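Heads up, the thing below is written out as structure tokens.
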Amino acid sequence: MLRRFSILLSIIISSLIINADEKKLTIGITDCPPFIIIDDGKISGLTIDLWNSISDSLNIDYDFVIAENDKVITNISEGKINISIAPMMVSSAFGNSTFFTQPFYISNICVAIEDHYESGFVTVIKNIFSFSFLKTIGLLMLINFTIGTLIWLAERKDNPAFSKKINGIVDGFWWAWVTMTTVGYGDKSPQSKNGKILATIWMLVAILIISGFTATISSELTTHRLQNNVTNIHDLHKMKVGSVEGKSSDIYLNYKHINTKQYPTVEAGVEALKKGEIDAFVDDGASLNYYFNKKDKNLTKKIKLIELPNNKEYYCFMSSDPLLVNEINPYLLSFLESEQWNKLLKKYGLIE
């Protein structure tokens with residue numbers, strides 16, 4: 001009886017193993033060049049070639065299933081996908097029920113912004129005729145006219161340097177400008193007690209006005225050059241930012257509490273940047289560089305890419321099955337150490 005039970009148990013276990021071996025895995029993919037390229041039904045890309053090599057080594061049968069970026073995690077947790085080979089960044093946002101393979105690619109987060117560079121001369125000319133600059137000049141003229149009128153009222157009776165007629169206000173206006181700019185021609189100066197008191201007050205106030213005016217002009221001449229300058233991830237808080245919905249970069253930006261306008265593809269995001277809908281478009285460096293090199297190299301004359309070196313993305317495969325992940329890892333690491341991996345990187349323009 002015991003022998004029969006043992007034989008039956010062996011048959012059941014063997015049957016389960018055979019069925020497990022024959023079971024097809026469902027592989028989730030999303031269009032994210034150069035890692036996965038879906039074009040007219042044809043599927044290619046860096047991670048496709050990588051997965052094909054791993055699956056051949058493990059003798060895995062599988063079917064590709066195209067999923068939207070923002071639905072990959074849901075599809076995995078619901079069992080619709082066994083493993084996603086779209087590049088995903090390890091993050092606590094995925095929870096404890098999601099497992100990652102060893103990283104196969106490390107990329108910097110990249111920011112695409114419009115290139116506003118122009119010569120210093122053009123910058124000066126544009127800002128001299130800007131509304132803000134003209135408004136500042138108008139305010140200074142009003143202040144000087146007021147001071148000039150007061151000094152004329154104080155000096156017009158006994159000071160021959162200031163005409164007694166109404167046009168003497170022009171003399172006062174001239175004196176106020178000369179005093180404020182510290183030119184000091186000496187052709188006109190107050191002689192009355194009230195005039196000297198007013199002149200003393202005006203000289204002190206004028207020093208403060210000129211200091212503030214100089215700071216304002218300097219700011220106006222440089223602000224537009226700096227407004228889109230990005231040196232770290234925190235600079236994005238003050239900008240209108242776009243990203244691809246559901247991608248690792250988008251998840252990371254949300255984790256950093258950076259509000260984003262989401263787009264379905266890199267191309268849509270770049271178009272929004274060109275139209276001025278957003279100030280910056282964020283994605284991984286590999287995807288943006290691949291897009292610019294493939295789509296239109298002339299775009300680099302209008303849009304510049306800034307890599308944030310301290311913000312790296314470690315791309316992995318993702319699954320809800322830890323046993324599957326552990327089975328893949330040795331073959332993944334072995335392939336990454338091979339010359340074939342370097343050839344794939346060169347093939348998709350990720351290394352020179």
Side-chain angles (χ1 to χ4, degrees), residues 25 27-37 44-58 60 62 64 67 69-70 72-73 75-77 81-111 233 243-244 246-256 266 282-291 307-352:
L25 293 182
I27 311 300
I29 59 174
T30 61
D31 187 27
C32 50
F35 300 102
I36 299 175
I37 305 168
S44 60
L46 178 67
T47 57
I48 297 296
D49 292 347
L50 175 59
W51 173 253
N52 287 337
S53 178
I54 293 172
S55 63
D56 288 344
S57 299
L58 292 173
I60 295 176
Y62 62 88
F64 285 133
N69 285 309
D70 59 333
V72 170
I73 301 172
N75 290 340
I76 287 178
S77 62
I81 295 175
N82 298 117
I83 186 169
S84 169
I85 64 169
M88 299 298 294
M89 182 180 66
V90 179
S91 170
S92 59
F94 296 118
N96 297 324
S97 61
T98 306
F99 302 91
F100 295 88
T101 63
Q102 293 291 329
F104 64 85
Y105 188 79
I106 301 174
S107 176
N108 291 332
I109 288 180
C110 195
V111 182
I233 198 72
S243 62
V244 176
K247 284 193 69 174
S248 298
S249 300
D250 180 49
I251 296 171
Y252 180 73
L253 291 172
N254 289 332
Y255 174 74
K256 288 293 185 179
V266 172
V282 179
D283 206 343
D284 65 85
S287 295
L288 281 176
N289 279 292
Y290 179 82
Y291 172 81
E307 288 193 346
L308 304 181
N310 296 325
N311 300 94
K312 296 184 180 296
E313 293 185 323
Y314 295 80
Y315 287 142
C316 309
F317 297 153
M318 181 174 63
S319 175
S320 59
D321 184 354
L323 296 178
L324 179 59
V325 169
N326 289 334
E327 187 179 5
I328 289 172
N329 271 332
Y331 293 92
L332 175 61
L333 290 172
S334 176
F335 187 85
L336 296 179
E337 293 173 354
S338 69
E339 182 60 28
Q340 191 175 353
W341 174 242
N342 289 327
K343 290 180 179 179
L344 281 182
L345 292 176
K346 291 179 181 178
K347 176 181 176 181
Y348 292 101
L350 298 181
I351 59 173
E352 296 295 333

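A quick note: this is a predicted structure, and the numbers were derived from the prediction, not measured.
The backbone N or O of Gly285 sits less than 3.5 Å from a side-chain atom of Ser107, completing a donor-acceptor pair. Here the side chain of Thr101 pairs a donor or acceptor atom with the backbone of Phe317 at under 3.5 angstrom. Between the Ser320 side chain and the Thr98 main chain, no donor and acceptor come within less than 3.5 Å of each other.
Applying the ring pair (Phe, Tyr, Trp, His ring centres under 6.0 Å) rule to Tyr105 yields the partners Phe35; only residues at least two apart in sequence or on another chain are considered.
Side-chain contact between Tyr290 and Ile37: present, with at least one pair of heavy atoms (C-beta onward) separated by less than 4.5 Å. Proximity of Tyr291 to Asp283: side-chain heavy atoms (C-beta onward) are nowhere separated by under 4.5 Å. For the pair Asp321/Ile83, no side-chain contact is recorded, criterion being any heavy-atom separation below 4.5 Å from C-beta on.
Separating the CD1 atom in Ile36 from the CD1 atom in Ile85 is a distance of 5.0 Å, to the nearest 0.5 Å.
At a cut-off of 3.5 Å, with distance as the only test, a side-chain donor of Tyr315 or Asp284 sits close to an acceptor on the other residue.
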- Give the C-alpha distance, both sets of side-chain angles, the deciding distance and a yes or no for side chain to side chain contact (heavy atoms under 4.5 Å, CB included) between Leu50 and Leu46. CA-CA 6 Å; Leu50 175 59; Leu46 178 67; 5.7 Å; no

- Message: Go through it in stages, so that I can follow the logic: the residues are Leu324 and Leu25, the test is side chain to side chain contact (heavy atoms under 4.5 Å, CB included), and I'd like the CA-CA distance, side-chain angles, deciding distance and then a yes or no.
- Response: CA-CA 10 Å; Leu324 179 59; Leu25 293 182; 4.0 Å; yes

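Pairs passing the side chain to side chain donor-acceptor pair (under 3.5 Å) check and including a residue from residues 44-54, sequence neighbours excluded, read Asp49-Lys347, Asp49-Tyr348, Asn52-Tyr62.
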Which donor-acceptor pairs under 3.5 Å do the side chains of residues 328-337 make with protein atoms, sequence neighbours left out?
{"unit_1": "Asn329", "atom_1": "OD1", "unit_2": "Gln102", "atom_2": "N", "d": "2.8"}
{"unit_1": "Asn329", "atom_1": "ND2", "unit_2": "Val325", "atom_2": "O", "d": "3.4"}

